[in-house]
Amino acid sequence: MAEFESIYNQYFREVYSFVLSLSRNEKIAEEITQETFFKALKSIDKFNGNCKINVWLCQIAKIT
């Protein structure tokens, strides 16, 4: 769990900025970013390293 906390701390701002650029709404961007990390936590075992983790997170955000 500490490892995922590190991922959250490292990539939160990047994912939030990405979602904000799509939504242009701070509240929506914050909600989608939180949902993105929740989904990522639930499926971290499916991350196989074929792409950078920030790309994986942004892909999750796009479908959220």
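Worth saying up front: this structure is predicted, and the values here are computed from it rather than measured.
- Taking OH of Y16 as the start and CD of E31 as the end, the distance is 11.0 Å to the nearest 0.5 Å.
- Heavy-atom neighbours of E35 CD from other residues, nucleotides or ligands within 6.0 Å: above the threshold of 12.
- Between the side chains of Y8 and Q34, at least one donor N or O lies within less than 3.5 Å of an accepting N or O.
- The OG1 atom of T36 sits 8.5 Å away from the CD1 atom of I63 when rounded to the nearest 0.5 Å.
- In terms of heavy atoms, T64 sits closest to K39 at OG1-NZ, 3.6 Å.
- Interatomic distance, T33 OG1 to Y11 OH, rounded to the nearest 0.5 Å: 15.5 Å.
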Under 3.5 Å, sequence neighbours excluded: what are the donor-acceptor pairs made by side chains of residues 51-62?
residue, atom, partner, partner atom, Å
N54, ND2, E14, OE2, 2.6

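- Across all non-hydrogen atoms, the minimal contact from L41 to F4 is N-CZ, 3.5 Å.
- The 12-atom threshold is exceeded at CZ of F47, counting heavy atoms of other residues, nucleotides or ligands nearer than 6.0 Å.
- Residues meeting the side chain to side chain donor-acceptor pair (under 3.5 Å) test with E30, sequence neighbours left out: none.
- Under the rule for a side chain to side chain donor-acceptor pair (under 3.5 Å), the partners of N48 that lie at least two apart in sequence or sit in another chain are N50.
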